[in-house]
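Scroll down for the structure; my scribbles are underneath it.
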Amino acid sequence: MSNSKVRVRFAPSPTGGLHLGGVRTALFNYLFAKQQGGTFVLRVEDTDQTRFVEGAEQYILDCLAWCGITPDEGPHTGGQYAPYRQSERKAIYREYAEKLVAHGHAYYAFDTPEELDAKRKEVPNFQYGHFHRSELRNSISLTTGQVEHLLDAGVPHVIRLKVPEDESVRFNDMIRGDVVFETNQVDDKVLLKADGMPTYHLAVVVDDYLMKITHAFRGEEWLPSAPVHILLWKYLGWAADMPQWAHLPLILKPDGHGKLSKRDGAKFGFPVYAMDWKDQVTGETTPGFREMGFLPEAFINFLGMLGWNPGTDQEIFSLTELVEKFSIERINKSGAKFDFEKAKWYNAEWIKKLSAESLKLKVKAVLEDKGVAIADDELLLKVIETVKDRCTLLTDFYQQSVYFFETPKEYDLNAVKPKWTDTKTDFFGTLITRYAELPNWEATQLEIDFKYLCEETGFKIGDVMLPFRIMLVGGKFGPHVFDIVALLGKEETIIRIEKALVAFTA
RNA sequence: GGCCCGUUCGUCUAGGGGUUAGGACGUUAGAUUUUCAUUCUAGAAACAGGGGUUCGAUUCCCCUACGGGCUACCA
């Protein structure tokens with residue numbers, strides 16, 4: 001492409017939830033576009049009417065928005081090249097398909113699916129191409145009269161690309177370099193289906209041309225059909241405008257056997273979709289990263305590092321930094337196995353990195369979702385600050401911080417009861433008195449007083465520290481005891497000690 | 001089966017004709033933290049195999065093996 005502004009597109013088909021790999025393709029499109037000052041287009045490839053799923057398009061948009069990679073043009077905003085849904089562009093494709101027929105680069109085929117099935121069974125490695133064309137019912141094997149008759153009679157038919165014999169189709173992939181295919185290995189792909197809709201092959205070429213796409217990123221699974229597309233660009237007379245191709249490495253299952261699929265989520269115990277996806281028909285929900293407690297920053301960060309690297313030791317990247325540093329040259333060729341442990345590590349890093357303020361709304365949602373009422377946002381902020389280093393997922397904030405808002409309902413009695421003594425009861429009784437008289441409620445002072453009391457009463461700190469923690473939070477977890485006490489306040493602390501004393505001595 | 005793509009620690013990867021083959025996740029050990037986590041230190045851990053080319057290959061070439069993708073009127 002010469003002298004044109006960069007335009008890329010993410011072209012999902014609205015058939016269900018948005019897969020990890022899809023988000024990464026969208027991300028790489030976005031990064032490249034933004035870096036080049038270009039335009040990121042969303043094009044909905046809904047040419048398969050049998051697989052259309054209600055709500056999937058909006059869901060895809062929501063996922064992209066959650067990730068922060070909203071398209072510049074698309075069905076949601078419209079744009080100069082609208083419509084952006086292929087189903088709404090149906091009429092456009094027939095014109096080009098007919099043009100190809102007129103120029104001898106495509107032909108009508110009247111074979112029924114049953115006939116083709118039979119042929120496939122009969123001929124091993126059957127390929128609808130120059131070798132078998134003449135044995136089938138199409139405008140090459142039939143006379144002009146026969147074809148006209150069938151057409152006039154409205155017999156269902158498709159239009160197929162007439163792939164030439166003995167040619168090499170060569171192109172330069174931005175990631176893989178030179179790739180060559182022999183046309184004898186390429187079959188006469190259907191371009192226009194019997195229902196009048198184009199197949200992916202025709203639609204992608206026509207729309208990339210019409211929408212002035214300059215760089216086409218897609219998964220490696222498309223590599224084998226690249227020669228079909230290149231032939232089409234040539235036959236349509238647009239070769240000079242063909243986008244540069246970039247076939248992205250696949251994201252593989254953790255065991256390396258095959259590309260990651262929707263079903264793997266349940267099998268390996270991690271999400272595959274960006275956000276929860278509910279199947280309207282079966283009512284089944286496929287879990288998403290967002291609901292599992294991932295931050296979009298972390299999700300984008302680890303997806304960006306899957307198949308790409310900056311060439312430095314930096315691991316943590318914001319979207320902005322990714323835009324800055326991204327380069328096609330540093331995209332890998334080989335597929336990457338998905339590592340959920342590393343994904344979680346990215347999330348923990350981002351939780352640590354982000355301020356309590358920017359985490360606030362999300363943490364609040366996690367707590368409220370569990371029925372915890374948050375009345376005091378200032379307190380919430382302080383709580384987040386003291387517990388965030390020990391959270392890997394956003395959902396961990398529940399266990400790590402409920403006790404700041406609710407008195408524990410249960411205690412880890414096994415950890416205290418066996419070693420409980422009356423002198424310990426006395427110790428905490430005295431502690432209540434001391435704390436009640438304290439003028440300043442502040443962590444260091446609380447700790448000093450506690451330790452002083454230990455000395456007075458002859459307790460080893462360890463003997464009473466753990467019980468104290470359990471009184472306050474219910475179990476053996478949480479930040480430093482006196483940070484908790486400080487945040488809880490005098491009244492609540494005393495209530496908790498009294499309440500726990502009852503449970504411990506019961 | 002055919003065609004295409006790929007192959008550096010368990011995983012993500014850096015590197016690239018002469019390196020102690022580097023980093024990160026995970027893992028192991030230790031320190032700190034009188035809970036847990038964080039943090040810190042140290043350790044184990046890789047160039048698929050065979051032929052070339054070369055003074056010298058993990059790096060370049062070929063073959064093999066292995067892995068993956070595609071092979072629909074699905075995208």
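Proteins get letters first, then strands, A, B, ... in listed order; numbering begins at 1 in each.
Looking at heavy-atom distances under 4.0 Å, Ile461(A) makes contact with a base. Nucleic acid contact class of Pro479(A) (heavy atoms, under 4.0 Å, all strands): base.
The listed nucleotides are G69(B), C12(B), A75(B); the one nearest the side chain of Lys259(A) is G69(B). The nucleotide whose nearest atom lies closest to any side-chain atom of Leu306(A) is, among C12(B), A75(B), G1(B), C12(B). Nearest nucleotide to the side chain of Asp339(A), out of G10(B), A24(B), C74(B): G10(B). Checking U35(B), G23(B), C73(B) against the side-chain heavy atoms of Lys342(A) singles out G23(B) as nearest. Of the candidate nucleotides C74(B), C73(B), U35(B), C74(B) has the atom nearest to the side chain of Asp48(A).
Taking the charged nitrogens against the carboxylate oxygens, Glu447(A) and Lys451(A) do have a contact shorter than 4.0 Å, which makes a salt bridge. Salt bridge status for Glu221(A) with Arg218(A): absent, with no side-chain N to carboxylate O gap under 4.0 Å. Looking at Lys259(A) and Glu220(A), no side-chain N of the basic residue comes within less than 4.0 Å of a carboxylate O on the acidic one, giving no salt bridge. Using a cut-off of 4.0 Å between Lys/Arg side-chain N and Asp/Glu carboxylate O, Asp264(A) and Lys253(A) are scored as salt-bridged.
The side chain of His480(A) contributes no N or O atom lying less than 4.0 Å from OP1 or OP2 of U33(B). Taking 4.0 angstrom as the limit, Asn125(A) places none of its side-chain polar atoms (N or O) nearer than this to OP1 or OP2 of G2(B). Between Asn332(A) and the phosphate of U13(B), there is a side-chain N or O to OP1/OP2 separation shorter than 4.0 Å. Residue Arg51(A) places no side-chain N or O under 4.0 Å from the OP1 or OP2 atom of A75(B). Contact check, Thr47(A) against A75(B): a side-chain N or O comes under 4.0 Å of OP1 or OP2. Contact annotation: Lys352(A) reaches the phosphate of U39(B) (side-chain N/O to OP1 or OP2, under 4.0 Å). For Arg120(A), a side-chain nitrogen or oxygen approaches OP1 or OP2 of C73(B) to under 4.0 Å. Residue Arg330(A) has a polar side-chain atom (N or O) positioned under 4.0 Å from OP1 or OP2 of G15(B).
Classification of the Phe270(A)-Phe338(A) ring pair by plane angle, with boundaries at 30° and 60°, yields tilted. Between Phe428(A) and Phe450(A), the ring-plane angle classifies as tilted under the 30° and 60° cut-offs.
Considering Trp308(A), Phe289(A), Phe317(A) as possible partners of Phe302(A), the one that fulfils the ring-ring contact (aromatic ring centres under 6.0 Å, His included) test is Phe289(A).
Contacts of residues 176-203 of chain A with RNA chain B (heavy atom under 4.0 Å): Arg176(A), Val179(A), Val180(A), Phe181(A), Gln185(A), Val190(A), Lys193(A), Ala194(A), Pro198(A), Thr199(A), Tyr200(A).
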